[in-house]
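Every chain is numbered from 1 and lettered A, B, ... according to where its sequence line falls, protein lines coming before strand lines.
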2 protein chains.
Amino acid sequence: MTETGPPAEDLTARARIRDAALEMFAEHGMKGATFRGIAEAAGVSVGLVQHHFGSKQELREACDAYALDTIHRLSAEKIDGIGDPGFLARAMRIDLPVRRYLARALVDGSPAAARVFDDLVDTTETYFTAPLPPGVNAPATTDVHGYAAALVAITIGMEVLHEHLSRVLGADTFTPEGALRLRRALFDVFDDRLLSPELAARARAAMREYESGGFGRTARAGDGAPTEEGP
Amino acid sequence: MTETGPPAEDLTARARIRDAALEMFAEHGMKGATFRGIAEAAGVSVGLVQHHFGSKQELREACDAYALDTIHRLSAEKIDGIGDPGFLARAMRIDLPVRRYLARALVDGSPAAARVFDDLVDTTETYFTAPLPPGVNAPATTDVHGYAAALVAITIGMEVLHEHLSRVLGADTFTPEGALRLRRALFDVFDDRLLSPELAARARAAMREYESGGFGRTARAGDGAPTEEGP
DNA sequence: TTGGAAGCTGAACGTTTGTATGGGAGGAGG
DNA sequence: CCTCCTCCCATACAAACGTTCAGCTTCCAA
């Protein structure tokens with residue numbers, strides 16, 4: 001279905017519909033996007049949408065499959081295409097809508113998006129358990145799986161909250177300028193130690209105590225937003 | 001509209017409808033939730049929903065206002081209610097649906113949710129520029145605003161991606177067990193230094209060079225997912 | 001007791017949705 | 001020429017949606 005290179009026949013009506021659906025699903029959600037809206041965005045009739053993709057569910061699954069395939073294909077090409085000028089621009093043109101789609105699909109509940117998330121966690125965990133490149137330290141944790149999950153969630157969260165981050169930062173985080181500013185900020189957060197070693201040790205001790213105490217006898221998950229502002 | 005304590009009249013049909021709407025909006029999105037579904041969940045007729053809250057838009061705005069008010073009220077009470085036994089349980093019962101609602105509203109695009117996000121960034125930024133409590137270091141960054149935005153986005157992202165984090169971690173992150181595991185993992189990530197000082201310095205230099213070079217002449221924002229797995 | 005407001009219901013209306021259907025334009029092969 | 005096939009469009013229709021409306025209780029004040 002997909003070529004290894006850039007799909008040459010990407011001007012077909014079917015591809016245009018798929019792209020329009022990707023965008024509409026990403027912007028209005030799986031329920032908010034309509035057949036007629038997609039058809040109009042693609043410049044075709046409503047009937048053609050269902051001629052190519054039978055039902056809305058099938059159109060959505062086609063988008064899922066395309067997104068899944070694109071993610072895998074681009075991550076495979078990324079390895080040896082990193083030196084090719086124009087590859088990044090081409091990759092971004094295809095990649096960006098897919099990432100926006102997947103970000104929305106994660107919230108709206110799509111099996112494909114969930115799988116991408118799980119795969120990312122697996123990949124990250126494997127990356128950390130395998131021999132690491134020089135300069136990269138092994139994560140100091142007893143729960144590499146959780147560590148990887150948190151890392152992936154942070155990364156994906158930036159995409160899901162893209163709109164709000166862009167507004168707050170004053171620059172679209174999908175443009176080079178905004179992406180750089182966000183990257184710098186994230187880098188600072190990761191390279192920084194907000195808590196002194198003593199306070200960090202106390203926090204860890206408190207978590208252990210909390211755990212051994214049967215989670216405080218009454219349900220206390222309400223304050224589950226960690227490291228937000230104060231201790 | 002809201003008492004300072006726990007709303008005693010929370011058994012009224014209006015409150016039941018509001019709670020049901022909160023839940024439905026959180027689960028199915030603003031477009032996916034229906035009047036009839038909300039009415040059924042609240043155990044009332046469709047007409048009553050319309051009687052109390054005129055239109056769907058108004059119902060949504062009522063949920064927004066309630067969520068906004070709850071967030072502010074709870075954060076105010078949190079200061080002196082932290083010692084009160086049962087307060088956390090009560091707070092969680094009210095707080096949790098609101099947080100789930102806001103997490104969904106952030107993606108579906110609600111002014112109130114956006115405001116909560118902005119306020120959180122402001123609060124965090126102010127927290128960092130004001131004198132810090134002992135044990136908390138000032139963030140080592142030249143962009144405190146971006147730093148605060150990244151921190152808030154990370155926190156909120158955990159709530160938005162709650163479903164996937166729970167699946168991957170094997171425990172609902174809204175229960176004490178799952179929340180603790182996630183908190184530990186996040187704590188490890190924040191307290192850890194994945195990159196050696198040399199590599200971190202190189203990464204910073206690369207970002208500066210990238211910036212001064214006009215963002216690489218061609219659009220390169222596609223790889224905007226920072227610190228994901230490799231360098 | 002009477003009256004009216006408030007809480008609540010069920011049935012209806014018009015619109016929008018996803019989907020089904022019939023048919024037309026244009027080339028390929030016989 | 002005809003025929004088939006693919007691509008494509010306009011319309012039709014049932015279901016679900018938000019919304020409207022007339023009427024039923026319940027309760028409290030006059």
Side-chain angles (χ1 to χ4, degrees), chain A residues 1-2 7-66 101 104-105 108-112, chain B residues 1-3 7-66 101 104-105 108-111:
Chain A
M1 179 185 280
T2 23
E9 81 294 346
D10 234 352
L11 301 159
T12 64
R14 188 187 157 90
R16 284 210 317 277
I17 293 172
R18 193 227 310 118
D19 288 349
L22 222 61
E23 204 171 318
M24 284 301 211
F25 280 142
E27 186 162 351
H28 300 104
M30 307 299 156
K31 210 85 181 185
T34 70
F35 256 29
R36 287 168 174 84
I38 291 169
E40 190 178 0
V44 298
S45 72
V46 192
L48 193 60
V49 178
Q50 18 174 4
H51 171 73
H52 281 299
F53 314 84
S55 67
K56 195 180 181 181
Q57 177 70 19
E58 287 175 280
L59 172 58
R60 201 202 128 121
E61 284 165 7
C63 287
D64 275 357
Y66 173 75
Y101 169 80
R104 182 68 187 239
D108 275 359
S110 131
Chain B
M1 179 187 280
T2 22
E3 316 282 354
E9 81 296 346
D10 234 352
L11 302 159
T12 64
R14 189 187 156 90
R16 284 210 318 275
I17 292 172
R18 192 234 304 122
D19 288 349
L22 222 61
E23 204 171 317
M24 284 301 212
F25 280 141
E27 186 163 353
H28 300 103
M30 307 299 157
K31 210 86 180 183
T34 70
F35 257 22
R36 288 169 173 84
I38 291 169
E40 190 178 1
V44 298
S45 70
V46 193
L48 191 61
V49 180
Q50 210 278 338
H51 172 74
H52 280 301
F53 314 84
S55 66
K56 194 179 182 181
Q57 177 69 18
E58 288 176 280
L59 174 57
R60 201 200 125 120
E61 284 165 8
C63 286
D64 275 358
Y66 172 75
Y101 170 80
R104 182 68 186 238
D108 276 358
S110 132

Review point. Who passes side chain to side chain contact (heavy atoms under 4.5 Å, CB included) against A/A21, sequence neighbours left out?
Key: A/F25, A/I38, A/L59, A/C63
Point to revise | Contacts of A/D108 that satisfy salt bridge (Lys or Arg N to Asp or Glu O under 4.0 Å) - sequence neighbours left out | key: A/R104, B/R104
Review point. Among all residues two or more places apart in sequence or in another chain, which pass the side chain to side chain contact (heavy atoms under 4.5 Å, CB included) test with A/A26?
Key: A/R100, A/Y101
Kindly give the atom pairs (protein nitrogen or oxygen, nucleotide nitrogen or oxygen) under 3.5 Å for nucleotides 14-19 of chain D.
from   : atom 1 : to    : atom 2 : distance (Å)
D/dG18 : OP1    : B/K56 : NZ     : 2.8
D/dG18 : OP2    : B/F35 : N      : 3.0
D/dG18 : N7     : B/R36 : NH1    : 3.0
D/dG18 : O6     : B/R36 : NH2    : 3.0
D/dT19 : OP2    : B/K56 : N      : 2.7

Exercise for review: Under the side chain to side chain donor-acceptor pair (under 3.5 Å) rule, collect the residues that match up with B/E40, sequence neighbours excluded.
Suggested key: none
Check your understanding: Who are the side chain to side chain contact (heavy atoms under 4.5 Å, CB included) partners of B/A39, not counting sequence neighbours?
Key -> B/V44, B/V46, B/V49
Review point. Who passes side chain to side chain donor-acceptor pair (under 3.5 Å) against A/E27, sequence neighbours left out?
Key: none
Review point. Can you list the residues that meet the side chain to side chain donor-acceptor pair (under 3.5 Å) rule with B/T34, with sequence neighbours excluded?
Key: none
Exercise for review: Mind listing the residues from residues 38-45 of chain B sitting with a heavy atom below 4.0 Å of DNA chain C? Number order is fine.
Suggested key: B/V44, B/S45
Exercise for review: Between A/H52 and B/G47, name the one whose nearest nucleotide on DNA chain D is closer to the 5' end.
Suggested key: A/H52
**Study point:** Boundaries of the DNA chain C segment in contact with chain B, non-hydrogen, under 4.0 Å
**Key:** C/dG7 to C/dA12
Point to revise | Close side-chain approach of B/F53 to B/R18, heavy-atom, < 4.5 Å | key: yes
Review point. Would one find more than 12 heavy atoms of other residues, nucleotides or ligands at under 6.0 Å from atom CD of A/E23?
Key: no
Point to revise | Results of side chain to side chain contact (heavy atoms under 4.5 Å, CB included) for A/H52 - residues two or more places apart only | key: A/R14, A/I17, A/L48
Review point. Within the distance-only criterion (no hydrogens, no angle test), does the side chain of A/K56 pair as donor or acceptor with the backbone N or O of A/M30 below 3.5 angstrom?
Key: yes
Check your understanding: Can you name the nearest heavy-atom pair linking B/G37 to B/M24, along with the distance?
Key -> O-CE, 3.3 Å
Under 3.5 Å, which protein N or O atoms sit close to an N or O of nucleotides 23-29 of chain D? Give each pair with its distance.
none

